[in-house]
Amino acid sequence: MNVRKQRWSGLHPGPYVWRELDRPGAARLWRELTEWVDWLRETYQLGSRVPGCWYRHTSVREELTALMAAHYAAYYCDCDNPELPTEEPIAWHTQWLWPTVERLVRNSDFSGCRPGLCRFTAQPQPTLDGLDDYIHADLDERDNHDLDTA
């Protein structure tokens, strides 16, 4: 059984969890995210900081999805008085938008990307050999610790 599903039984992934989406859910999110990122890039003139090949960079896609979700939370209200002023929109700019854009610039490999050309390729991120042995040793140590404190 999937460990994640065991631990979080009764909880369901939200609509922005890419790794959990089925085909229709992913198609819906692609449309929504693409439209939103087009708006974001145009409104804030982010062309060089979020290039047109953003969708090919999986970590950028995840960050922009989270930023979009935060934008919705800041700008859309499910409340009794939607006319009531709120500081959420400015908080979205100062706490989420600009820090995310700066993080994307700093952490994403856009160096090979040019208008009309993306040279990004995802690199395998293998786990070093010995993980199972390490986990077993850690668990054995915990068993010994439990005996010492009993």
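Throughout, residue positions are numbered sequentially from 1 according to the sequence presented.
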Under 3.5 Å, which donor-acceptor pairs do the side chains of residues 48-63 form with other protein atoms, sequence neighbours left out?
| from | atom 1 | to | atom 2 | distance (Å) |
| --- | --- | --- | --- | --- |
| E63 | OE1 | R103 | NE | 3.2 |
| E63 | OE1 | R103 | NH2 | 2.8 |
| E63 | OE2 | R103 | NE | 3.1 |

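Residues that satisfy the side-chain contact (heavy atoms from CB on, under 4.5 Å) test with P13, not counting sequence neighbours, are V17, E20. With sequence neighbours left out, D109 forms a side-chain hydrogen bond (donor to acceptor under 3.5 Å, both in side chains) with S111. For D138, the salt bridge (charged side-chain N to carboxylate O under 4.0 Å, His left out) criterion is met by R142, not counting sequence neighbours. Looking at residues two or more places apart in sequence or on another chain, you find no side-chain hydrogen bond (donor to acceptor under 3.5 Å, both in side chains) involving T127. Residues forming a side-chain hydrogen bond (donor to acceptor under 3.5 Å, both in side chains) with W98 (at least two apart in sequence, or on another chain): none. Partners of W92 under the side-chain contact (heavy atoms from CB on, under 4.5 Å) rule, at least two apart in sequence or in another chain, are W36, L40, Y44, L67, A70, H71, A74, Y75, W96, L97. Among residues two or more places apart in sequence or in another chain, the side-chain contact (heavy atoms from CB on, under 4.5 Å) test is passed with P15 by R28. Among residues two or more places apart in sequence or in another chain, the side-chain hydrogen bond (donor to acceptor under 3.5 Å, both in side chains) test is passed with W30 by none. A search for ring-ring contact (aromatic ring centres under 6.0 Å, His included) contacts involving Y134 returns nothing, not counting sequence neighbours.
Counting only N and O atoms by type, the side chains of E88 and Y76 include no donor and acceptor under 3.5 Å apart.
Between L104 and F110, the shortest heavy-atom contact is O-CE1, 3.9 Å.
Around atom CD of E42, no more than 12 heavy atoms belonging to other residues, nucleotides or ligands sit under 6.0 Å away.
Pairs of residues two or more places apart, or lying in two chains, never qualify as salt bridge (Lys or Arg N to Asp or Glu O under 4.0 Å) while including a residue from residues 89-99.
Under a 4.5 Å side-chain heavy-atom criterion applied to ILVMFWY residues, the cluster that includes L139 comprises L131, I135 as well.
Counting only heavy atoms from C-beta outward, the side chains of L29 and M68 approach each other to under 4.5 Å.
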